[in-house]
Asks: 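Got a structure for you, written out below as structure tokens; questions coming shortly.
Every chain is numbered from 1 and lettered A, B, ... according to where its sequence line falls, protein lines coming before strand lines.
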Amino acid sequence: MLYHSEKFLRNEVKNLKKVRTRFAPSPTGYMHIGNLRTALYAYLFAKSQGGDFILRIEDTDRARYVADAVEFIENTLKLAKIYPDEGPNIGGNFAPYVQSERKEIYKKYAEQLVKNDFAYYEESENGVAIRQKMPKSGETSFYDVLHGNITIANEELEDQILLKSDGMPTYNFANVIDDHLMEVTHIIRGTEFITSTPKHVLLYQYFDWELPTFIHLAPVMGKAEDGTVSKLSKRHGATSFGDLVDMGYLPEAITNYVALLGWNPKNTNQEIFSMDELIKIFSLEGLSKSPAVFDYDKLNWMSGEYFKKMSDEEFSKAAKNFVKLDENLNEKFVYLASLLKTRIVRFDEIQESIQFLLNMPEFDSELFINKRNKVTIEKSIEILTPAFEMLNEIDEKDWTVENLNEKISAFTASTQLKVGTVMWPLRISISMKKVTPGGVTEILYLLGKKNSLERMKQSLDNLKSI
RNA sequence: GGCGCCAUCGUCAAGUGGUUAAGACACCGCCCUUUCACGGCGGGUUCGUGGGUUCAAAUCCCGCUGGCGUCACCA
């Protein structure tokens, strides 16, 4: 099959050189998930081939410049465990890596093009700009690893601005110059660049430079409430890596999920991957050419998987930034973490789920009534009264989960009632929540003896006064 | 609108002419159970459409439809 042999051949040739990929964002102070994914794939490909990954800042649009955006991008990549080999604050043999600092380079090459009659000056009220001359006829083709050969008629191409009147290059010019100068072998970017690629190809031809390999990635889509699908944007809620981290997703989980959005490993059904594993297993063949819809359900599942794999210590440490605790809970947080781990999917869910431990919710007699466990108000009073006495006799220092478990089991047995029947009113009386992280003994322990018994007594009094 | 790209469950996706069309998420049911989770077991739903090619098409070709992108002194 042509497609495969061609791809194979192409890879053969390219493999002779060290693979170099780049991520070239503009400094917007915002890392869109789609961009992060592009960076990830470029990084994974380079690393899987033992190559280099370069960070280059495309800040040729002065109007768009955002302060500290470069640091923001570098920090985000670091959080995502994507480490460039070369970049603005990292350095490298091809510095500078910020395009605004390379102004003179572009000027030189633009003028060379004018000299060779591949471009011309154009004067307007803004000043003097340089435009690229496009062929009037014929067509320009290029090979894309994902899409095969793509051909566009030259008459579709307009004479492009290469150098703006402010002396800055346009994207279409600067990326070609830099990719060549920085010896980028594989250009991995979004499909939105497919139609402008012929312009770049022509530039390579004008300079008589070797063409890099192109890989145009399908976009990441978002699903709106009405069910329609479009390119992931703000109307779909959180769309940046930072948003997701702020919501309490683990960076590792986000990266892992995003890796699988548009790429799949060959010959395995594994879905949870560390960065090292991704590097090991990544291949261009697993890339998908059709768009992928960002799915929170799947992200949630994956996030939960990561939580369950964490030790209680790791989890509590990471979760602490998301919660406000009192002294008592702060002390017991590692234990609390063991209860929380399997129940939440984002750190920002914790506060609400443990709020009842901090403050006793308002009394609600309805909660005591439970059909399945055959619990009524009367039954609750009947159980709670002796239970309170029993618990009250436990020494403060024996107030441990293990011991409480033992005592409550013995108590339950003595009542001749079903376990659920006893546990239900007990748990409600100290939590006032139908659903809690952990059962009665866990909550008793977390609350401590004094607080637990105060709550239980209060509930009992309230029940009696109905 | 011109041009270009794309098209397998609701979603992510395996699949490269012959399969009972994998797997995962979500959903539903059952089991376990000290609530909720976790865990275990099971279930339904998929090749956009019309033509070809072929003994045989989700797979190859063409048209249609639909979605997306692009036509800047933005990237």
Side-chain angles (χ1 to χ4, degrees), chain A residues 1 3-4 24-28 35 58-61 63-64 99 122 124 126-131 144 146-147 150-153 155-158 160-172 174-175 189-198 216 218-219 221 223 227-231 257 260-272 286 288-302 304-305 308 339-344 353 367 370 372-373 405 408-409 412 418-424 426-428 431 433-443:
Chain A
M1 203 180 296
Y3 176 75
H4 288 283
S26 39
T28 58
N35 286 139
E58 312 230 327
D59 62 342
T60 55
D61 183 2
R64 264 203 210 182
Q99 289 187 329
E122 181 188 63
S124 74
N126 297 325
V128 182
I130 295 180
R131 272 188 195 274
D144 182 289
L146 251 55
H147 301 103
I150 294 176
T151 301
I152 288 176
E155 58 183 0
E156 297 291 328
L157 276 23
E158 292 203 10
Q160 287 289 302
I161 294 279
L162 263 22
L163 215 62
K164 298 183 266 187
S165 53
D166 66 359
M168 281 292 185
T170 56
Y171 164 82
N172 287 319
N175 93 85
R189 62 189 4 167
T191 39
E192 66 268 28
F193 294 108
I194 283 187
T195 41
S196 54
T197 301
H216 287 98
M221 314 290 277
K223 192 182 223 149
T228 57
V229 166
S230 55
K231 198 168 169 181
Y257 173 68
L260 259 29
L261 249 195
W263 171 81
N264 250 270
K266 293 294 172 196
N267 307 318
T268 176
N269 280 330
Q270 187 181 339
E271 298 198 274
I272 306 295
S288 163
K289 26 183 196 172
S290 46
V293 178
F294 190 93
D295 181 15
Y296 277 99
D297 283 332
K298 185 86 183 226
L299 205 216
N300 286 342
W301 166 78
M302 191 167 281
E305 292 298 299
K308 279 177 254 169
L339 265 24
L340 257 14
K341 266 197 319 191
T342 59
R343 284 163 234 259
I344 63 156
S353 70
L367 290 174
N370 184 289
R372 192 183 142 209
N373 287 316
N405 237 329
I408 293 174
S409 292
T412 304
K418 277 173 59 183
V419 176
T421 312
V422 176
M423 299 296 178
W424 184 269
L426 244 48
R427 192 171 57 86
I428 298 296
S431 70
K433 299 278 279 184
K434 234 178 198 156
V435 176
T436 53
V440 190
T441 51
E442 287 83 0
I443 297 167

Asks: For the side chain of A/Ile152, starting at C-beta, report the closest nucleotide among B/rC36, B/rU34, B/rC3.
Replies: B/rC3
Asks: Could you tell me how far B/rC28 sits from B/rG67 if I compare only their C1' atoms? Round to whole Å.
Replies: 31 Å
Asks: By side-chain hydrogen bond (donor to acceptor under 3.5 Å, both in side chains), which residues pair with A/Lys433, not counting sequence neighbours?
Replies: none
Asks: Generate the contact string for nucleotides 70-75 of chain B. Rules: B means base contact, S means sugar-phosphate contact only, - means no protein heavy atom under 4.0 Å.
Replies: S--BBB
Asks: Among all residues two or more places apart in sequence or in another chain, which pass the side-chain hydrogen bond (donor to acceptor under 3.5 Å, both in side chains) test with A/Lys308?
Replies: A/Glu305
Asks: Which listed nucleotide (B/rA26, B/rU35, B/rC5) is nearest to the side chain of A/Ile194?
Replies: B/rC5
Asks: Taking salt bridge (charged side-chain N to carboxylate O under 4.0 Å, His left out) as the test, write out the residues that go with A/Glu442, two or more places apart.
Replies: none
Asks: Output the single nucleotide from B/rC6, B/rA26, B/rU34 whose closest atom is nearest the side chain of A/His147.
Replies: B/rC6
Asks: Going 5' to 3' through nucleotides 27-32 of chain B, assign each nucleotide B (protein heavy atom under 4.0 Å from a base atom), S (under 4.0 Å only from sugar-phosphate atoms) or - (no protein heavy atom that close).
Replies: ------
Asks: Kindly write out the residues that satisfy ring pair (Phe, Tyr, Trp, His ring centres under 6.0 Å) with A/Phe294, not counting sequence neighbours, or none if the list is empty.
Replies: A/Tyr257, A/Tyr296
Asks: Could you list the residues that satisfy salt bridge (charged side-chain N to carboxylate O under 4.0 Å, His left out) with A/Asp61, not counting sequence neighbours?
Replies: A/Arg64
Asks: Which residues pass the side-chain hydrogen bond (donor to acceptor under 3.5 Å, both in side chains) test with A/Asp295, not counting sequence neighbours?
Replies: none
Asks: List every contact pair, protein side and nucleotides 7-11 of chain B side both N or O, where the distance is under 3.5 Å.
Replies:
{"residue": "B/rG10", "atom": "O2'", "partner": "A/Lys223", "partner atom": "NZ", "Å": "2.8"}

Asks: Each nucleotide N or O in nucleotides 39-42 of chain B that has a protein N or O under 3.5 Å away: list the pair and distance.
Replies:
{"residue": "B/rG39", "atom": "OP1", "partner": "A/Lys308", "partner atom": "NZ", "Å": "3.4"}

Asks: Between the protein and nucleotides 19-22 of chain B, list the N/O to N/O atom pairs that are separated by less than 3.5 angstrom.
Replies:
none

Asks: Let's test your reading of the model: under 3.5 Å, does the base of B/rU34 pair with the side chain of A/Arg427 as donor and acceptor?
Replies: no
Asks: Whole Å only: how far is the CG atom of A/Leu299 from the P atom of B/rA26?
Replies: 12 Å
Asks: Could you work out, with salt bridge (charged side-chain N to carboxylate O under 4.0 Å, His left out) as the rule, every residue matching A/Glu122, not counting sequence neighbours?
Replies: A/Arg131
